[in-house]
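One structure is given below, encoded as structure tokens.
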Amino acid sequence: MTGLAVDDAAWASTWRPRAVGDKLLLTLGLVLCALVLPVWPGSLLVGLTAVGLALGPARVPARVFARAVRLPLAFVAVGAVTAVVQVSTDGIGWAPDAAATGGALVGHALAGGAAVMLLATTTPVSDLLPALRRARVPAAVVEVASMIYRLLFVLLISMRTIREAQTSRLGYSTARRSYRSSGLLAAAVLTRSWDRARRLQGGLAGRGMTTDLRVLPEVLPSSRSFLAGTVLGLTVLCGLTVVLS
Amino acid sequence: MHIAEGFLPPAHAIGWTIAAAPFVVHGARAVVKEVRENPESTLLLGAAGAFTFVLSAIKLPSVTGSSSHPTGTGVGAILFRPPVMALLGTVVLLFQALLLAHGGLTTLGANAFSMAVVGPWAGYGTYRLARRASGNLLVGVFAGMMIADLSTYVTTSLQLALAFPDAESGFLGAAVKFLGVFAVTQVPLAVAEGFLGVLLFRVLTVN
Amino acid sequence: MSGGRLAATDVVVGYSRGSRVLDRASLAVPEGRRLAVLGANGSGKTTLLRCLSGALVPASGRISLDDAALEHTRRGLQAHRQQVQLVLQDPDDQLFSASVAQDVSFGPLNMDLAEDEVRARVVEALELLAVTGLAARPTHQLSYGERKRVAIAGAVAMRPRVLLLDEPTAGLDPSAVTEALAALDRLQRRGSTVVMSTHDVDLALGWADEVAVVVDGRVVQGEPEPVLGDDALLARARLDRPWALSVGARLHQLGLLPEGPLPRDTEALLAALPTGTAPTTPGRS
Amino acid sequence: MSGGRLAATDVVVGYSRGSRVLDRASLAVPEGRRLAVLGANGSGKTTLLRCLSGALVPASGRISLDDAALEHTRRGLQAHRQQVQLVLQDPDDQLFSASVAQDVSFGPLNMDLAEDEVRARVVEALELLAVTGLAARPTHQLSYGERKRVAIAGAVAMRPRVLLLDEPTAGLDPSAVTEALAALDRLQRRGSTVVMSTHDVDLALGWADEVAVVVDGRVVQGEPEPVLGDDALLARARLDRPWALSVGARLHQLGLLPEGPLPRDTEALLAALPTGTAPTTPGRS
């Protein structure tokens, strides 16, 4: 495997063949709901929906999803605590509504994070890039982004192998050696990346590359019932939030 | 350390997206022009972006015992200039948000402003100044990469302070808090990234 | 040097260090036959293939197709590449797209074919290489052997008359080699001329109709048996003699092999030897 | 499973997709003998070597050295790495310093040795691998075979008791293979235990004192002849039977080979066969 668990999950997801537009409508809808709806019960509903859809119909492994959503927790916790601590002339204390403000921050962040991960674990990044093209992003920019996606896996493997070789030769046994090894590692990966680009250029010229990297667009048919379900679901979610809050 | 999804209030998310947009569009124009004049540069720019992504995955040991990752935008700014880095940095941030759950979509604008705009420009400016003042490439690289890293986190702290002003002391008090938590702790890591840059350029200039 | 539709004549390629990689090398690619280009690493066999494909401009000499010299202009190269495709040794040097099917479509699209035609060619190429099942898989999840075959499919989809392959079996395990050779057979039966570079003399003897050894910047071309049985040539080329020729020659002397060409691989040798009475597996396990 | 100083016992390594790469695999590395680890690509032989080197932590099972279990702590691994070194297949991803001598000195420098000692070890390692002439060269200018040998020198300079090599001959031409094997011989004579992974059964038969086949997540270990003559095992492992065993068995039946172990390579086979009268080269060139 490639080692980027979210990417592996996206390619293996049962939602991978769904139209990117369908998934974008649903997930961006959830992201927006997480952002603008009041935390109770909006965030809870968005979070539950995202988790339910990912683990249920989209068949994303629970472990991958949980780990991905957990990753930003350190930032969210530290950031939320910092936001609700009050600094005044008589020292440091909690702001008056610390619990509510902190809770709201964590709630919004978790719900939003889960919604973004629903997109990320069901849609490979390379599927999203053609959608950028439809959103009027210049072709050259989309092609550069596609190359980044392809090459980052090649370079990640290089980086891991070099680091393993360095570790094996005791390159990370002290902090000082770790710095030195990291510098050598960064330089090695940089030279590899240039070399890769140069060689790929030769390889693609041989395949008749002219000015762009044109490929056959993949046809992923849009589903009316999925779109209808999305609109209905998001409406119900907003309605419930308004009624309950 | 990127601002997580859902952490910024909607108005701030929109505001920072608008603030970052002109720089990113400017960078996109630079890339389009470069690719039109020189079709092969698609591959080179792709490699540069992939390198930035991978570099930010290299773990640096910090003095405090924990470890952190370089921002990687300083080296890109020195090698490819800040406008190009504004675009590549934003693409890398999008990839980090989706592949690593690092950052977010609604906070992409805010993160792009700090990491793909302020960091590269501040780093590049410092690099030019320090290199001219000292006459030494490595001094310039060290200062440039350190400032690129540090200015990114200072910007992030100020963004958070703007979004969450202190109830009593307002923006200034909040700025002190967030800078204390997110930027002061970053100083040793910024120094580490500066050293990483020196090691990296030393190897590159030997070859 | 004639008769081949694709040919190199007196090609000189010199590198910076003064010594020439190719020094008036000539090669005629026999149409419809399997040609193995043999040489040690660094002998210049990759350079020769790159010259034949148009990727490298020789310092002097000419590359010709149907007796017309290749012109290294944009237009000349474009026409040449539609007929002659080179598959590089490292598949990561040619695969750029995240999806297998999209990557294979790149070459045909560059030929300005209609979308339906491109789609048909992608399907055909994936089938010929027996990688249809990988169409929807991301490139970066494939194994090395799978990536190699997808890279070949990318060239095959352009329906070249001549397919040049640089070390297509390097790094593959025996079953992957068998699969790769079977795919090349399907291509050849469909009318393509297949040229493979390798330093595996046993493989070349078993597979090729004709061999070309790159040695000291030149090419010695001929039927496999005399060329791969020429010890002086092989020593200069830093190659081994195929075991089947060494063993076969001795067994022929001992009267155990019939007259005619020597067997080229284990199966042929065992089939040609008289059968004994005991079972074929040694009784020592 | 005992007697080996370095051993893996009931090692399990599972990947995300549910299927296990290694499923209670056990291997004892025989001290001072040449061990070839055989398996198709993807069989798990690299995974096994990475477990033995400490680079990979198995889900269960243990790695032991001198009957003491390896603890995957900072300290435990550091001690292990001074005794066991793994050289990976791709040299490009193991050379990361500017010059050959610098790269080889990386390991010894990290062992806190005095500078003189480091210098001596670098000289020694370069000599053992016959790459002394390359010491001052930048690593990216080397040929593939040279890079492979320099990567091995980097591990050898740490004077490990056990040297694990992942496909050290892959991608090398015959003369480079000969040179690499000669270097491994010198290492072994100096007292190191050498373990090599490969999918080249002919090479393994000719080189190894003992072989281990990785198949279905487990390891079948033994003397080369019975293991590499076991057709059912080889079929499961997607490996070929070495030609020398197939041909040798038939010739043995025909009464042409003396009793005793079968010859393992061309030279041995030709030496064991009765001599004919005609010259050894076929008379057709």
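By convention in this document, chain letters (A, B, ...) are assigned in the order of the sequence lines, proteins followed by strands, and residues within each chain are numbered from 1.
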### Message
Quick check on V189(A) against chain B: is it the side chain, the backbone, both or neither that has a heavy atom closer than 4.5 Å?
### Response
both
### Query
With only heavy atoms counted, which part of A34(A) is less than 4.5 Å from chain B, the side chain, the backbone, both or neither?
neither
### Summary
CG (L184(A)) and CZ (R202(B)) are apart, to the nearest 0.5 Å, by 10.0 Å
### Query
Once the angle between the rings of F95(B) and Y149(A) is folded into 0 to 90°, is it parallel (under 30°), tilted (30 to 60°) or perpendicular (over 60°)?
perpendicular
### Query
Could you give the distance from CD1 (I162(A)) to CD1 (I58(B)), rounded to the nearest 0.5 Å?
8.5 Å
#### Entry: Separation of R196(A) CZ from F51(B) CZ (nearest 0.5 Å)
15.5 Å
### Message
Which atoms of R198(A) are under 4.5 Å from chain B, going by heavy atoms: the side chain, the backbone, both sets, or neither?
### Response
neither
### Query
At a heavy-atom separation under 4.5 Å, does V85(A) approach chain B through its side chain, its backbone, both, or neither?
both
### Query
Contact part of L55(B) toward chain A, heavy-atom cut-off under 4.5 Å: side chain, backbone, both or neither?
side chain
### Task
Please lay out, stage by stage, how L88(B) and V144(A) fare under the test side chain to side chain contact (heavy atoms under 4.5 Å, CB included).
CA-CA 9 Å; L88(B) 292 183; V144(A) 168; 3.8 Å; yes
## Note on the structure
Note: vs chain B, highest number of non-hydrogen pairs under 4.5 angstrom among T82(A), V116(A), L110(A) is T82(A)
### Contact origin within A48(B) toward chain A - heavy atom pairs under 4.5 Å
neither
### Query
Which residue out of P72(A), P138(A), A68(A), G79(A) racks up the most heavy-atom pairs below 4.5 Å with chain B?
G79(A)
### Task
Could you check L190(A) against L79(B) for side chain to side chain contact (heavy atoms under 4.5 Å, CB included), going step by step and ending with a plain yes or no?
CA-CA 11 Å; L190(A) 181 61; L79(B) 291 171; 3.9 Å; yes
## Note on the structure
When rounded to the nearest 0.5 Å, the distance separating NE2 of H108(A) from OG1 of T106(B) is 11.0 Å
### Summary
So CG of L132(A) and CG of L94(B): to nearest 0.5 Å the spacing works out to 7.0 Å
### Query
Would L119(A) and L105(B) count as a side chain to side chain contact (heavy atoms under 4.5 Å, CB included) if you check the C-alpha gap in whole Å, the side-chain angles of each, and the deciding distance to 0.1 Å?
CA-CA 11 Å; L119(A) 175 66; L105(B) 296 183; 4.2 Å; yes
### Query
For the atom pair CG (L43(B)) and OG (S193(A)), what is the distance rounded to the nearest 0.5 Å?
12.0 Å
### Query
Tell me, side chain or backbone of L45(B) under 4.5 Å from chain A's heavy atoms, or both, or neither?
both
### Query
Using non-hydrogen atoms only, which part of V91(B) is less than 4.5 Å away from chain A: side chain, backbone, both, or neither?
side chain
### Query
With sequence neighbours excluded, what pairs up with F182(B) under the ring-ring contact (aromatic ring centres under 6.0 Å, His included) test?
F75(A)
### Under 4.5 Å from a heavy atom of chain A, the part of V35(B) involved
side chain
### Task
Measure A28(B) against the heavy atoms of chain A and call it side chain, backbone, both or neither at under 4.5 Å.
both
### Contacting moiety of L87(B), where chain A heavy atoms sit under 4.5 Å
side chain
### Query
Does the side chain to side chain contact (heavy atoms under 4.5 Å, CB included) test come out yes or no for F164(B) and T101(A), once each step is laid out?
CA-CA 10 Å; F164(B) 307 106; T101(A) 312; 5.5 Å; no
